[in-house]
Amino acid sequence: MPQSQEDMRAYADLIRSDFETYIADVQDYFRCLDTERARAFHEAREVSDDYARFLNAVE
């Protein structure tokens with residue numbers, strides 16, 4: 001981060017661009033986590049259902 005106001009103005013476009021890129025990347029990462037979380041829950045539900053069917057079959 002630039003220390004002086006002059007440097008801040010000189011690098012404002014670069015810093016703004018870096019920040020916007022960072023935020024976009026973080027949002028992409030969170031979307032990826034959300035997608036994987038949903039996939040894992042779906043898979044866990046399927047496995048649980050399969051296990052319940054197994055238990056019913058052996059009882």
Side-chain angles (χ1 to χ4, degrees):
M1 185 77 166
Q3 298 302 311
S4 73
Q5 288 284 74
E6 183 179 304
D7 287 344
M8 286 183 195
R9 282 189 288 277
Y11 294 104
D13 290 340
L14 178 62
I15 292 169
R16 189 175 293 113
S17 175
D18 285 351
F19 177 76
E20 289 171 0
T21 298
Y22 171 78
I23 292 299
D25 288 348
V26 166
Q27 290 172 338
D28 288 345
Y29 175 71
F30 287 146
R31 277 191 290 276
C32 179
L33 288 177
D34 289 343
T35 299
E36 179 57 19
R37 181 176 180 269
R39 187 208 60 76
F41 272 118
H42 179 75
E43 180 181 284
R45 171 56 61 196
E46 288 179 339
V47 170
S48 294
D49 291 346
D50 288 345
Y51 185 63
R53 282 191 293 279
F54 167 79
L55 290 177
N56 287 333
V58 296
E59 289 180 349

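FYI, the numbering just counts along the sequence from 1. Please read all numbers here as calculations on a predicted model, not as lab measurements.
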To the closest 0.5 Å, what do you measure between [atom1] ([X]) and [atom2] ([Y])?
X	Y	atom1	atom2	result
Asp18	Ile23	CG	CD1	12.0 Å
Asn56	Tyr51	CG	OH	11.0 Å
Phe41	Glu46	CZ	CD	14.0 Å

More than 12 non-hydrogen atoms from neighbouring residues, nucleotides or ligands closer than 6.0 Å to [atom1] on [X], yes or no?
X	atom1	answer
Glu36	CD	yes
Arg53	CZ	yes
Arg31	CZ	yes

Among Leu33, Asp25, Val26, find the one that has a side chain to side chain contact (heavy atoms under 4.5 Å, CB included) with Tyr29.
Leu33

Tell me if a side-chain donor or acceptor on Ser48 pairs with a main-chain N or O of Ala44 at a distance below 3.5 Å.
yes

Would Arg39 and Glu43 pass as an ion pair if we require N to O under 4.0 Å?
yes

So which atom in Met8 and which in Gln3 form the shortest heavy-atom distance, rounded to 0.1 Å?
CE-O, 4.2 Å

In terms of hydrophobic clusters joined by side-chain contacts under 4.5 Å, are Tyr22 and Leu14 together?
no

